[in-house]
Amino acid sequence: MNSQNLYIYNSISKSKEKFSPIHADVVGMYVCGPTVYSNVHLGNCRTFLSFDLVFRYLKHLGYKVRYVRNITDAGHLENDGESGDDPILKKARIEQLEPMEVVQKYTVDFHTTMAKFNALPPSIEPTATGHIAEQIKIVEKIIAEGFAYEKNGSVYFDVLKFNEINKYGKLSGRNLEDMIANTRELAAQSEKKNPQDFALWKKAEPQHIMRWPSPWSDGFPGWHLECTAMSTKYLGNKFDIHGGGMDLKFPHHECEIAQAEACNHESPVNYWMHANMLTLNGKKMSKSTGNFILPNEMFSGENNILSKPFSPTVTKFFMYQAHYRSILDFSNDALEASEKGFNKLMDSYRMLSEMKISQFSESTGKSSIDVAFWRKACYNAMNDDFNSPILIAHLFEVVKFVNSLKEGKDTITETDLHLLQKTLHDFLFDVLGLQDIASESSQDSQKLISAVELLIQLRNQARANKDFSTSDKIRDELASKGIQLNDGKDGTTFSLN
RNA sequence: GGUAUCGUGGCCGAGUGGCUAGGCUCAGCUCUGCAAAAGCUGCUACAGCGGUUCGAAUCCGCUCGAUACCUCCA
């Protein structure tokens with residue numbers, strides 16, 4: 001296994017650390033999933049695709065990974081005060097649906113979208129509403145440990161008390177004294193002892209439909225609780241990796257740490273990973289501000305931002321050309337650049353796959369390309385905190401290899417050719433999870449392909465007869481319909497625009 | 001206001017004390033009936049000002065600018 005050399009940037013230590021799982025060869029990973037009250041936008045997708053890369057690479061290294069990603073179907077309160085609104089309930093009112101119909105609708109949208117991106121489903125995808133009993137147990141435990149108090153049927157986590165024994169804020173680099181000093185004007189009348197306290201259980205207002213019985217009231221769980229309940233249930237009190245979007249670092253993940261430590265007296269997670277935001281017009285994509293683009297708008301091209309549609313795999317390739325911890329700005333130009341690069345890479349992949357060693361066997365029996373060194377460089381890139389942009393830069397070196405092999409400028413041995421083919425395939429499809437869209441064609445498109453090939457034949461006959469007006473007509477008419485002919489040394493191929 | 005992060009060539013984006021990322025664009029060339037496509041070659045940047053160092057885009061300080069979190073958001 002190459003795993004000895006994997007380094008992961010740990011948000012809590014702010015440094016790259018050698019990855020060493022609790023149990024050799026087995027990895028437990030938890031990632032905060034979506035709140036299903038609206039369609040996932042592209043920014044949401046970026047985070048899940050970042051962790052899909054992590055999941056795929058760990059598996060590629062030979063780890064058995066249990067990947068848990070929750071579905072938040074209970075809704076958080078938009079404001080922490082008593083007048084808060086639950087986005088799922090709000091949406092149910094607007095769309096005149098049962099809350100669970102809202103949840104179902106957007107869960108399905110999430111799954112189909114991730115499938116289009118060819119993201120692997122997690123091992124377990126638990127829902128918050130399916131784990132109310134577990135959440136209540138945790139609240140009871142935290143109360144028993146003395147770090148929570150009940151007020152009017154609601155239960156709050158006592159951050160000040162917790163901070164006496166265990167520093168609150170270590171993930172986000174905040175310190176409680178500063179936070180208290182900088183508290184904005186106090187909410188008029190809060191049940192909380194301190195503004196920093198957060199709800200573990202909320203008593204439901206009469207109009208609140210999503211409610212469950214508990215020892216304290218008919219109500220619903222606080223918004224940080226589900227992740228603690230479900231991560232520890234499926235991965236244990238201490239597990240390897242916890243991931244999520246950068247925007248969840250505080251307060252969500254900070255509160256998760258506090259809850260788990262209050263219960264179990266140990267830090268729940270060894271490696272905290274945070275994926276950075278996808279921005280649009282230099283600003284974070286966000287549901288509430290309306291600054292976002294939906295995946296389907298990408299794929300159809302029906303939007304004001306893009307000049308044309310972009311496929312899911314090109315979109316993903318674009319994202320992976322930036323490191324997951326960097327902010328990535330979304331733009332039409334950047335997408336177009338990625339698409340061209342992607343197509344070039346896939347063309348080379350196809351050419352390489354079709355190469356037979358007999359083409360080079362008359363050579364000296366030596367490779368002039370150091371395949372093993374190149375392969376190592378690819379692994380080094382991924383081992384350095386999943387550096388997909390560096391990996392992709394190395395994959396582009398294959399474009400040069402393939403061209404110079406074709407031109408006979410380089411030689412390769414059979415062993416090296418197979419290694420090159422396999423390594424490229426593994427990284428392209430297993431690790432990055434890309435799809436070769438051009439070679440995936442249905443029976444119908446097969447028929448169209450043969451029709452175009454017939455036209456190519458006719459055109460080449462015309463060219464042979466120097467009947468250039470006919471040949472140019474075929475070429476130009478096809479081009480106007482989005483079919484572009486490419487004349488090469490070995491004949492004419494075509495591509496779709 | 002507090003806490004972080006970041007500022008790289010025409011664009012997107014890596015990296016990091018000394019050796020050229022990569023992609024796209026652009027220019028020149030090769031190929032081609034012409035074009036397109038493809039290939040080859042070229043384009044040496046790191047916000048500003050100081051400091052440390054034999055040497056900094058990379059470390060330190062300040063200034064300016066941007067973003068994120070501090071209210072739900074991946």
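Reminder, nothing fancy here: chain letters follow the sequence lines and each chain counts from 1. Values in this document were obtained by computation on a predicted structure and should not be read as measured data. These numbers come from the heavy atoms of this one structure, side chains and all, not from hydrogens, waters or symmetry mates.
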Tell me whether the side-chain N or O atoms of Asp472(A) pair up with the base of G33(B) as donor and acceptor below 3.5 Å, since no angle test is needed here. yes

Salt-bridge contact Glu354(A)-Arg350(A) (side-chain N to carboxylate O under 4.0 Å): no

Under 4.0 angstrom, heavy atoms only, what part of the nucleic acid is Leu248(A) near: base, sugar-phosphate, or nothing? sugar-phosphate

Can you check the Leu280(A) CG to A74(B) C1' distance for me, whole Å? 15 Å

Over all strands shown, is Leu335(A) touching base, sugar-phosphate only, or nothing at heavy-atom distances under 4.0 angstrom? nothing

Cation-pi geometry met for Lys344(A) and Phe342(A) (6.0 Å, 45°): no

Does Asp247(A) come within less than 4.0 Å of Lys284(A), counting only side-chain N to carboxylate O? yes

Contact class for Gly169(A) (heavy atom, under 4.0 Å): base, sugar-phosphate, or nothing? nothing

Can you confirm whether the side chains of Asn10(A) and Lys14(A) place a donor and an acceptor under 3.5 Å from each other? no

Using a 4.0 Å heavy-atom cut-off, does Lys340(A) contact any base of the nucleic acid, only the sugar-phosphate backbone, or nothing at all? sugar-phosphate

Atom P, compared across C12(B) and G7(B): separation rounded to whole Å: 13 Å

Using the C1' atom as the point on both nucleotides, what is the distance between A45(B) and U20(B), in whole Å? 12 Å

What is the distance, rounded to the nearest whole Å, between atom CZ of Arg174(A) and atom C1' of A68(B)? 10 Å

Give Gly488(A) one of three labels, base, sugar-phosphate or nothing, depending on what nucleic acid heavy atoms sit under 4.0 Å from its own. nothing

Lys284(A) side chain N/O closer than 4.0 Å to the phosphate oxygens (OP1, OP2) of C69(B)? yes

Any salt bridge between Asp472(A) and Arg475(A), counting N to O under 4.0 Å? yes

With ring-ring contact (aromatic ring centres under 6.0 Å, His included) as the criterion, how do Tyr234(A) and His131(A) come out once you've worked through the C-alpha distance, each side chain's angles and the decisive distance to 0.1 Å? CA-CA 12 Å; Tyr234(A) 297 111; His131(A) 296 74; 5.6 Å; yes

In whole angstrom, give me the gap between the C1' atoms of U41(B) and C46(B). 25 Å

Rounding to a whole Å, what distance do you find between His274(A):NE2 and C6(B):C1'? 18 Å

Secondary structure of RNA chain B per the Watson-Crick/G-U criterion (both distances under 3.5 Å; [ ] crossing, | other strand, . unpaired) is (((((((..(((.....[...))).(((((.......)))))....(((((..]....))))))))))))....

For nucleotides 39-48 of chain B, print each protein N/O atom paired with a nucleotide N/O atom at under 3.5 Å, atom names and distance only.
from	atom 1	to	atom 2	distance (Å)
G39(B)	O2'	Glu407(A)	OE2	3.2

Rounded to the Å, how far apart are His224(A) NE2 and A74(B) P? 14 Å

Within residues 286-293 of chain A, find the residues that approach RNA chain B with a heavy atom at under 4.0 Å, and present them sorted by residue number. Ser286(A), Lys287(A), Ser288(A)

Among all residues two or more places apart in sequence or in another chain, which pass the side chain to side chain contact (heavy atoms under 4.5 Å, CB included) test with Asn343(A)? Glu339(A)

In whole angstrom, what separates Glu254(A)'s CD from A4(B)'s P? 13 Å

Sugar-phosphate only, base, or nothing, as touched by His41(A) at under 4.0 Å among non-hydrogen atoms: base

Work out how far the C1' atom of G42(B) is from that of C24(B), and round it to whole angstrom. 16 Å

Return the CG to CZ distance between Asp197(A) and Phe162(A), rounded to the nearest 0.5 Å. 12.5 Å

Quick one: do Lys91(A) and Asp86(A) make a salt bridge, cutoff under 4.0 Å? no

With C1' as the reference atom in both, quote the distance from A37(B) to A4(B) in angstrom, rounded to an integer. 48 Å

Whole-angstrom distance between C11(B) and G18(B), as gauged at atom C1': 29 Å

If you go through the side-chain atoms of Asn276(A), does one of them form a donor-acceptor pair with the base of A74(B) closer than 3.5 Å? no

Less than 4.0 angstrom from a charged side-chain N to a carboxylate O is my criterion; do Asp52(A) and Arg56(A) meet it? yes

Report the relative orientation of the aromatic rings in Tyr30(A) and His242(A); use parallel for angles under 30°, tilted for 30 to 60°, perpendicular for over 60°. tilted

Given U67(B), is OP1 or OP2 found less than 4.0 Å from the side-chain N or O atoms of Lys283(A)? yes

Could you tell me whether the side chain of Asp240(A) and the main chain of Met29(A) form a donor-acceptor pair under 3.5 Å? no

Please report the distance, rounded to the nearest Å, between CE in Met246(A) and C1' in U67(B). 11 Å

To the nearest 0.5 angstrom, please state how far the CD atom of Glu226(A) sits from the CD atom of Glu256(A). 8.5 Å

Please determine which of Met273(A), Lys249(A), Arg325(A) meets the side chain to side chain contact (heavy atoms under 4.5 Å, CB included) test together with Ser11(A). Lys249(A)

Roughly, in whole Å, what's the span from CG in Asn281(A) to C1' in U67(B)? 14 Å

Of Gly173(A) and Gly33(A), the one whose closest RNA chain B nucleotide lies more 5': Gly173(A)

Counting any heavy atom closer than 4.0 Å, what does Ser471(A) reach on the DNA or RNA strands: base, sugar-phosphate only, or nothing? base

Under 4.0 Å between any heavy atoms, over every strand shown, what does Phe396(A) touch: base, sugar-phosphate, or nothing? Just pick one. sugar-phosphate

Looking at Glu254(A) and Lys170(A), is any side-chain nitrogen of the basic one under 4.0 Å from a carboxylate oxygen of the acidic one? no

Distance check, C1' atoms only: A74(B) and U32(B), in whole angstrom units. 50 Å

Determine, for nucleotides 9-14 of chain B in 5'-to-3' order, which nucleotides have protein heavy atoms under 4.0 Å from the base (write B), from only the sugar-phosphate (write S), or from neither (write -). ---SSS

Could you list the donor-acceptor pairs under 3.5 angstrom formed by side chains in residues 386-395 of chain A, with sequence neighbours left out?
from	atom 1	to	atom 2	distance (Å)
Asn387(A)	OD1	Ile390(A)	N	3.3
Ser388(A)	OG	Tyr320(A)	O	2.8
His394(A)	ND1	Glu397(A)	OE2	3.0

Distance in angstrom units between Asn486(A) CG and U32(B) P, rounded: 16 Å

Tell me which nucleotide among A35(B), A74(B), G2(B) gets nearest to the side chain of Arg475(A). A35(B)

Write down the distance separating the P atoms in G23(B) and C40(B), rounded off to the nearest Å. 10 Å

Charged tip of Arg69(A) within 45° of Phe51(A) ring normal and under 6.0 Å: no

